[in-house]
Amino acid sequence: MVFTEKLREIQTPCYYYNIELLKKTLEKINTESGKYPAFHVHYAVKANANPVLLQIISSYGIGADCVSGNEIQRALECGFPVDKIVYAGVGKSDAEIEIALQNDIFCFNSESLPEIRVINEIAGRMHKKARIALRINPNVDAHTHHYITTGIEENKFGIYLYDLNHVIEETLQLPHTELIGLHFHIGSQITDMNVFRSLCLKVNEIQQQLQNRGIRLPHVNFGGGLGTEYNTPYGEPIADFENYFATFARFYEPLPHQHIHFELGRSVIAHCGDLIAKVLYVKEGRNKKFAILDAGMNDLLRPALYQAFHKIENISSDRPEEKYDVVGPICESSDCFGKDVSLNEVSRGDLIVIHTAGAYGETMSSRYNLRDLPQTYFSE
Ligand SMILES: *Cc1c(COP(=O)(O)O)cnc(C)c1O
């Protein structure tokens, strides 16, 4: 990102979104998924729920993957058609289930029998029939950070394979639910396509077993998880959707006329947003320097939460590089965006860009320390 006069005016800390890149990314997603007529793409709203961005995303005909009642409402407000909204989450409240049923969303991705029983009961009370896909924990390791691995048995997510037959049998008995599919989401920031290949092979196996028992479901949903390159923000900013969709087309064996769904979050939006902060102070320690920013972990939690790496750049300086620990103002030692980061020599007032912060950035921001929420700016 280059320093421009326009940036002199902005209030920091702020998220700065590149709308042109978002549109290019969405076009690419549509081109690549469009090669396979059975493929349907949903955007995982939790990655970034900013209404301006959601309206653009929905205008590309993409569906929404929601994980709360409020996300369902936000998705509807931002133009996502109700018949393209899916709803996942390991702990859906009664009120949230009611919101979903009232609106007649396309499908619940359900994670346990106790939840399915409650959905059935509430649907009965509301004289509705709830469409359900079973979120299965396929015990496939995503080989990603343990906080964002969701598809192995030690995680809380999904229905465990040893439980599946029992869950299916009971669900099929319930009068107010209709079992329409299987759902999987094994983790996030997956960059190795072999992981998706393993998922396909596992799903083929599960589907074969179901078919042997006469069960054929019209929908399968592979969740999200496609990773983003965080190291080189000026490299290729659009994820390898071609290879991603091709992997599923090649290794998954669909039933005739089956619809295949995806729920991409990070790979849609991560590169489209940067966090911009101002340097408050440069503090010299015994053998290191700290660049103290006006942005903190309440603005961008990922480094503190997942030890996530974000490329950091000083766009106000072209003086020689020095090493800094780049930290925020919050009273937590984990409030650190990077250690020993090489930056052009920093002084008070410089603008610092923390790159690739479009996904799980603004949505995770909080008012911890009673700080204000970050501002947002858009490139057009
Ligand atoms: C978070 C989430 C996604 C999106 O994951 P990304 O890694 O951001 O693509 C998709 N589906 C479900 C169920 C999720 O919880």
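As the structure lists them, so they are numbered: ligands from 1, and atoms in each ligand from 1. Hydrogens, waters and symmetry mates play no part in the numbers below; they use all other heavy atoms, side chains included.
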For this output row, return yes or no: ring centroids of [X] and [Y] closer than 6.0 angstrom.
{"X": "Phe245", "Y": "Tyr36", "answer": "no"}
{"X": "His219", "Y": "Phe106", "answer": "yes"}
{"X": "Phe262", "Y": "Tyr244", "answer": "yes"}

Please could you name the atoms of ligand 1 that [X] approaches to less than 4.0 Å, counting only its heavy atoms?
{"X": "Gly224", "result": "9 (O), 10 (C)"}
{"X": "Arg266", "result": "6 (P), 8 (O), 9 (O)"}
{"X": "Ala44", "result": "3 (C), 4 (C)"}
{"X": "Ser188", "result": "6 (P), 7 (O), 8 (O)"}

Would you check the N or O atoms of [X], main chain and side chain alike, for any that come under 3.5 Å of an N or O of ligand 1?
{"X": "Lys46", "result": "yes"}
{"X": "His183", "result": "no"}
{"X": "Tyr360", "result": "yes"}
{"X": "Gly265", "result": "yes"}

Check whether any side-chain heavy atom of Val220 sits under 4.5 Å from a side-chain heavy atom of Pro254, and report yes or no.
->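 In short, these two side chains do not touch, never coming nearer than 4.5 Å.
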Quick one: look at Asp65 and ligand 1, take heavy-atom pairs under 4.0 Å, and tell me if it's side chain, backbone, both or neither.
->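 The part of Asp65 near ligand 1 is the side chain, not the backbone.
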Using a 4.0 Å heavy-atom threshold (strictly under), name the region of Glu263 that reaches ligand 1: side chain, backbone, both or neither.
->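 Near ligand 1, Glu263 shows its backbone as well as its side chain.
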Heavy-atom nearest neighbour in the protein, as seen from atom 5 (O) of ligand 1, with distance rounded to 0.1 Å |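 In this structure, atom 5 (O) of ligand 1 has His185 CE1, 3.3 Å as its nearest protein heavy atom.
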Side-chain ion pair, Lys46 and Glu263, N-O less than 4.0 Å |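 A salt bridge is absent here (no side-chain N lies under 4.0 Å from a carboxylate O).
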Transitively linked via ILVMFWY side-chain contacts under 4.5 Å: Ile57 with Val67?
->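 Unlinked, Ile57 and Val67 end up in two clusters.
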Determine whether any heavy atom of Gly225 lies closer than 4.0 Å to an atom of ligand 1.
->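 Right, Gly225 reaches ligand 1.
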Aromatic ring pairing Tyr230/His310, orientation class (parallel under 30°, perpendicular over 60°, tilted between) =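 The rings of Tyr230 and His310 stand perpendicular, inter-plane angle above 60°.
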With no hydrogens and no angle check, do the side chains of Gln258 and Tyr252 hold a donor and an acceptor under 3.5 Å apart?
->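 Result is yes, a qualifying pair exists.
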